[in-house]
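Below is one structure, written out as structure tokens; comments come after it.
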Amino acid sequence: MWFWWGLSSAFFSAVSVVLSKKLLKNTSASVVSWSLFALNIPLVAGLVLIDGIEFKVNPGFYLAVLGSSLVFSLAMTMRLSAIKHGLLSKLSPLTAFNPFFVYVLGLIFLAETISLKGIAGLILITLGAYILNVKKLDGHWLRPFKLLLIKKASLLFIAGVFLTSVSAILDKTAVINTKPMNPALGLLAENLIISMILLIFLQLKKPGWQLEVKQNFKGLMVTSLIYGLSSWSVFKGFSQGPVALTVGVKQLQLFFILIFGLVMFKDKPSKYSWLAAILMSLGVLLIKLG
């Protein structure tokens, strides 16, 4: 069942990305980020009840939730630094290696092993995701790696990608420290913490942010609800299967974004896009068969 949760998360995540990009035309990135975590809190609270009213929480739950929230917030800050230095488009292909980092960390800290088919699937998904992002660089396939050697800011970006993987491990740790497992509970706690962190940032650095929220409330709310469903699906996947494979299947969001662009905006995919889509689809199939 974890496979279908990962696939659901990929679909919902793709929808939220498309809607977020539309919102960013009239709304600041910091307001959109806060809304993604804050506005869906009532929905996630309801999902906690759906996952089960009676449960117990181990001490490890609190450490994992707090750790994941702080690590994820730090990862976001590092990525924003890359944006500030104009490196995001040049470094975005490196986000494809997130499942690889998660696999290694899951093997070390959670003792999770996966089949050879699963590993092959992760490799194909990583390669496909890299191709989808690197096609924007006009064929400069190795530029992201070269930038790691010559641009100090690029090291912050890859560190942010790695910390995102650490956050996923902590997310699963939070999930498995509820008995019986209640995935939505960890998500609710993290959303509350991250929302508070971003709220403090908005209050200090973004005067008038409340007006932005009011003017774009409907779009922000819909996007946040869909993002909440995506996050919940990931946590459900964590509760039932290997964290690396769930994260790997979630990478298929890039494929869904490609399809949405073709159907909704008539964006004609390049030959590289189709190659990436085929590789990612084969990767997901191998994971499912594994």
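- Judged by distance alone, the side chain of Ser231 and the main-chain N or O of Gly228 form no donor-acceptor pair under 3.5 Å.
- For the pair Leu39/Trp34, a side-chain contact is recorded, criterion being any heavy-atom separation below 4.5 Å from C-beta on.
- The distance from atom CD of Gln251 to atom CG of Leu124, rounded to the nearest 0.5 Å, is 13.0 Å.
- Note: Leu66 CG to Leu170 CG = 10.0 Å, rounded to the nearest 0.5 Å.
- What you find for Ile226 and Ser16 is that their closest heavy atoms are CG2-N, 4.0 Å.
- Phe260 is listed as a side-chain neighbour of Phe11, based on a closest heavy-atom distance under 4.5 Å.
- With contacts defined as side-chain heavy-atom distances shorter than 4.5 Å, the pair Leu185/Phe61 qualifies.
- Using a 30° and 60° split on the angle between ring planes, Phe235 and Phe238 fall in the tilted class, from 30° to 60°.
- Tracing side-chain contacts under 4.5 Å through hydrophobic residues (I, L, V, M, F, W, Y), one reaches Met196 starting from Leu43; they form part of the same cluster.
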Discussion item. Go through it in stages, so that I can follow the logic: the residues are Leu122 and Ile114, the test is side chain to side chain contact (heavy atoms under 4.5 Å, CB included), and I'd like the CA-CA distance, side-chain angles, deciding distance and then a yes or no.
Written reply: CA-CA 10 Å; Leu122 283 180; Ile114 58 180; 3.7 Å; yes
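- The side-chain heavy atoms of Ile158 and Phe101, taken from C-beta on, include a pair separated by under 4.5 Å.
- Taking all atoms of both residues into account, the shortest heavy-atom contact from Ile197 to Ser73 is CD1-OG, 3.6 Å.
- When every heavy atom of Pro183 is checked against every heavy atom of Val175, the shortest pair comes out as CA-CG2, 4.1 Å.
- Remark: Leu132 CG to Leu127 CG distance equals 10.0 Å, nearest 0.5 Å.
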Practice prompt. Take Thr178 and Lys56 through the test side chain to side chain contact (heavy atoms under 4.5 Å, CB included) and record every step on the way to the result.
Written response: CA-CA 6 Å; Thr178 56; Lys56 294 182 179 179; over 6 Å; no
Worksheet item: Going through the distances and angles, do Thr164 and Asn98 end up as a side-chain hydrogen bond (donor to acceptor under 3.5 Å, both in side chains)?
Response: CA-CA 8 Å; Thr164 301; Asn98 183 34; 5.7 Å; no
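- In terms of modelled atom types and a separation under 3.5 Å, the side chain of Asn182 and the main chain of Gly52 share a donor-acceptor contact.
- Remark: the backbone N or O of Ala10 is not paired with any side-chain donor or acceptor of Ser13 at under 3.5 angstrom.
- Closest of all the heavy-atom pairs between Gly106 and Ile169 is N-CD1, 3.5 Å.
- For the residue pair Gly121 and Ile287, the shortest heavy atom distance occurs at CA-CG1, 4.0 Å.
- Phe3 is listed as a side-chain neighbour of Val284, based on a closest heavy-atom distance under 4.5 Å.
- Note that CD1 of Ile193 and CG of Leu188 are 10.0 Å apart. Values are rounded to the nearest 0.5 Å.
- Listed for the Ser224 side chain is a donor-acceptor partner under 3.5 Å among the backbone atoms of Ser35.
- Judged by distance alone, with hydrogens and angles left aside, the side-chain atoms of Ser230 form no donor-acceptor pair with the main-chain N or O of Phe12 at under 3.5 Å.
- Ser9 contributes no side-chain N or O that, together with a main-chain N or O of Trp5, makes up a donor-acceptor pair within less than 3.5 Å.
- Evaluation of the side chain to side chain donor-acceptor pair (under 3.5 Å) test over residues 183-194, restricted to residues two or more places apart or in two chains, returns Asn40-Asn191, Ser68-Glu190.
- A donor-acceptor contact shorter than 3.5 Å is absent between the side chain of Thr27 and the backbone of Leu24.
- For the pair Trp2/Leu245, a side-chain contact is recorded, criterion being any heavy-atom separation below 4.5 Å from C-beta on.
- For Thr223 and Ser20, the side-chain atoms include no donor-acceptor pair closer than 3.5 Å.
- Both Leu225 and Ile50 are members of a single hydrophobic cluster when ILVMFWY side chains are connected at heavy-atom separations under 4.5 Å.
- The two residues Gly6 and Val249 come nearest to each other via the heavy atoms C-CG1, 3.6 Å.
- The 12-atom threshold is exceeded at CG of Leu204, counting heavy atoms of other residues, nucleotides or ligands nearer than 6.0 Å.
- Residues Ile257 and Val222 do not share a hydrophobic cluster, clusters being chains of Ile/Leu/Val/Met/Phe/Trp/Tyr side chains in contact below 4.5 Å.
- The shortest distance between side-chain heavy atoms of Gln240 and Met181 does not fall below 4.5 Å.
- Ring centroid separation for the pair Tyr227 and Phe37 comes in under the 6.0 Å cut-off.
- Hydrophobic clustering (ILVMFWY, side-chain heavy atoms < 4.5 Å, transitive): Leu289 and Leu7 are in distinct clusters.
- Note that CG of Leu254 and CD1 of Ile125 are 10.5 Å apart. Values are rounded to the nearest 0.5 Å.
- Glu112 places no side-chain N or O within 3.5 Å of a backbone atom of Tyr103 that could act as its donor or acceptor partner.
- In this structure a side-chain-to-backbone donor-acceptor pair under 3.5 Å is missing from Lys288 to Gly283.
- Counting heavy atoms from C-beta outward, Asn216 and Val31 have side chains that stay 4.5 Å or more apart.
- Residues Trp4 and Leu285 are members of separate hydrophobic clusters, defined by side-chain heavy-atom contacts under 4.5 angstrom among Ile, Leu, Val, Met, Phe, Trp and Tyr.
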Worksheet item: Would Ser30 and Trp209 satisfy side chain to side chain contact (heavy atoms under 4.5 Å, CB included), going step by step from the backbone distance to the final call?
Response: CA-CA 9 Å; Ser30 55; Trp209 65 272; over 6 Å; no
Discussion item. With side chain to side chain contact (heavy atoms under 4.5 Å, CB included) as the criterion, how do Lys236 and Met1 come out once you've worked through the C-alpha distance, each side chain's angles and the decisive distance to 0.1 Å?
Written reply: CA-CA 9 Å; Lys236 291 287 284 187; Met1 190 65 185; over 6 Å; no
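- How far OG of Ser195 is from CD1 of Ile200: 11.0 Å, rounded to the nearest 0.5 Å.
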